[in-house]
> 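First the structure, which I've put down as structure tokens, then a few questions once you've had a look.
Per chain, numbering begins at 1; letters A, B, ... match sequence-line order. Keep in mind the model is a prediction, meaning the values are calculated, not measured.
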There are 2 protein chains.
Amino acid sequence: MVRQREFDKEKALDDAMELFWEKGYAATSISDLTATMGIQRPSLYATFGDKEKLFEAALRKYTNLHASLIRKKLQNTTSVKEAFRNLFEEMIEEEYKNKVSKGCFCINTIVELAPHDEKFEILTREHEMYLSVIFQETLLKGIKSGELESNLDVKALAQTLVVALIGVTVLLKSHPERSFVDKSVTLILSLIK
Amino acid sequence: MVRQREFDKEKALDDAMELFWEKGYAATSISDLTATMGIQRPSLYATFGDKEKLFEAALRKYTNLHASLIRKKLQNTTSVKEAFRNLFEEMIEEEYKNKVSKGCFCINTIVELAPHDEKFEILTREHEMYLSVIFQETLLKGIKSGELESNLDVKALAQTLVVALIGVTVLLKSHPERSFVDKSVTLILSLIK
DNA sequence: ATCATTTAATACCATTCGGTATATTATACT
DNA sequence: AGTATAATATACCGAATGGTATTAAATGAT
């Protein structure tokens, strides 16, 4: 090996992630990518393969970051109910703050690519399943601590929270009245007893 | 007027709707459209304007059909609870039946276009709001008939059902285990008391 | 200092993109 | 029957697409 790479591979991948996240797969061109990543076109192909490979790498990076972020937010407090409430509220707050709402990269990919590419169907499904496992663990902790009722159907509730999270994330992209989503989140969270 | 159009405009629009619904806006090319619609390229532009206009017309047609379909399904029974259960279950059944799951054209558009085009943000938002109104009316009927508790927060519940419908529709595109979505739908529907 | 090697940069490739100009064909009205 | 009109069909447009071949530049090892 002789000449060393001038750009930071992880930083470039981060930039690609942000762009795919915002614009989706089809609407993002290689020129868009190289401009955002600050690298030359042949460097992109040499480093990441092709457009689809780069997208997959970006999505994998996202799901890892996203899962650990969710996990962290759910650990960060003593009350499980409050933890879930904070999780939803922070997401809502975040989405109303930014001018263009990117939503969730994984959800965007479910909608755009999962039905047409089994690779992404599997990748995105496994992420959602993983989220429901994190939710289950959190709920179990709440039962053990005595905060939640012991006869709670933890699995069903965790899966419902995933469905609700997806629903809210998508709906937020159409910028509904704040009260709309607030009310439904409150009602959903009332299932955590 | 002299020579008459050889193709059926509504039929062509239907075909365009199906294609945009399945593939999204960016991934659908004019050539795809003319092939599916069975018309020539200049006929498409003469009749529908351009790609975006055609997409908008297709989406408007979809939202109208979708709203009346939902309305019809919710009217079709005596029990409101059962009506909602049927609504969700039929959608799930439908999605597992087809090889490629198209989901909901409106939801697909929220994810792909709403954040980047205010026209579609408004159009899709209004459709979701309209669905929640249909849900509200249905719930109110249930209260009047004595089936549902009179102290039910109809608005919040209707909005929650919209969120859940969106969540389930999106999640189905990743083909999760059937029990996953069944369980969460059951739990969501338990909110209708 | 030279040389092999890997990077970066420019330029280019065929193909496809959305959108039209042009020419041809078919019909309702005079 | 002839003509005006509008729909068809073919061919084409410049621009942008994803992807590379080629050249120039930079660095570690000898």
> So, are B:Glu90 and B:Lys73 salt-bridged, with charged N and O less than 4.0 Å apart?
yes

> Once ring pair (Phe, Tyr, Trp, His ring centres under 6.0 Å) is applied, what residue pairs with a partner in residues 133-152 of chain B remain, sequence neighbours excluded?
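For residues 133-152 of chain B: B:Phe84-B:Phe135.
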
> Measure the distance from CD on B:Gln40 to P on D:dC12 and round it to the nearest whole Å.
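Rounded to the whole Å, the gap is 16 Å.
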
> Would you give a per-nucleotide map of nucleotides 14-21 of chain D, 5' to 3', where B means the base has a protein non-hydrogen atom under 4.0 Å away, S means only the sugar-phosphate does, and - means neither?
---SBBBB

> Taking the basic N atoms (NZ, or NE/NH1/NH2) and the acidic carboxylate oxygens, is any pair closer than 4.0 Å for A:Glu94 and A:Lys97?
yes

> Should A:Glu10 and A:Lys61 count as an ion pair when the cut-off is N to O under 4.0 Å?
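Between A:Lys61 and A:Glu10 there is a salt bridge, with a charged N closer than 4.0 Å to a carboxylate O.
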
> Using a cut-off of less than 4.0 Å, is there contact between a side-chain N or O of A:Ser43 and OP1 or OP2 of C:dA8?
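Yes, A:Ser43 has a side-chain N/O under 4.0 Å of OP1/OP2 on C:dA8.
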
> May I have all residue pairs that pass ring pair (Phe, Tyr, Trp, His ring centres under 6.0 Å) and include part of residues 156-178 of chain A, sequence neighbours excluded?
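Checked against ring pair (Phe, Tyr, Trp, His ring centres under 6.0 Å) - neighbours excluded - no pair reaches residues 156-178 of chain A.
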
> Provide, to the nearest angstrom, the distance between the CG atom belonging to B:Leu54 and the C1' atom belonging to C:dG19.
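Whole-Å distance recorded here is 14 Å.
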
> Remaining members of A:Leu123's ILVMFWY cluster at a side-chain heavy-atom cut-off under 4.5 Å?
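A:Phe7, A:Leu13, A:Met17, A:Leu19, A:Phe20, A:Trp21, A:Tyr25, A:Ile30, A:Leu33, A:Met37, A:Ile39, A:Leu44, A:Tyr45, A:Phe48, A:Leu54, A:Phe55, A:Leu59, A:Tyr62, A:Leu65, A:Phe105, A:Leu113, A:Phe120, all in the cluster of A:Leu123.
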
> Taking C-beta and beyond as the side chain, do B:Ser132 and A:Phe180 meet within less than 4.5 Å on heavy atoms?
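They are in contact (side-chain heavy atoms under 4.5 Å apart), so the answer is yes.
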
> May I ask you to list the residues of residues 7-22 of chain A, by number, that have any heavy atom positioned under 4.0 Å from an atom of DNA chain D?
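Heavy-atom contacts with DNA chain D come from no residue of residues 7-22 of chain A; none.
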
> Go through the structure and list residues passing side chain to side chain contact (heavy atoms under 4.5 Å, CB included) with A:Lys141, not counting sequence neighbours.
A:Gln75

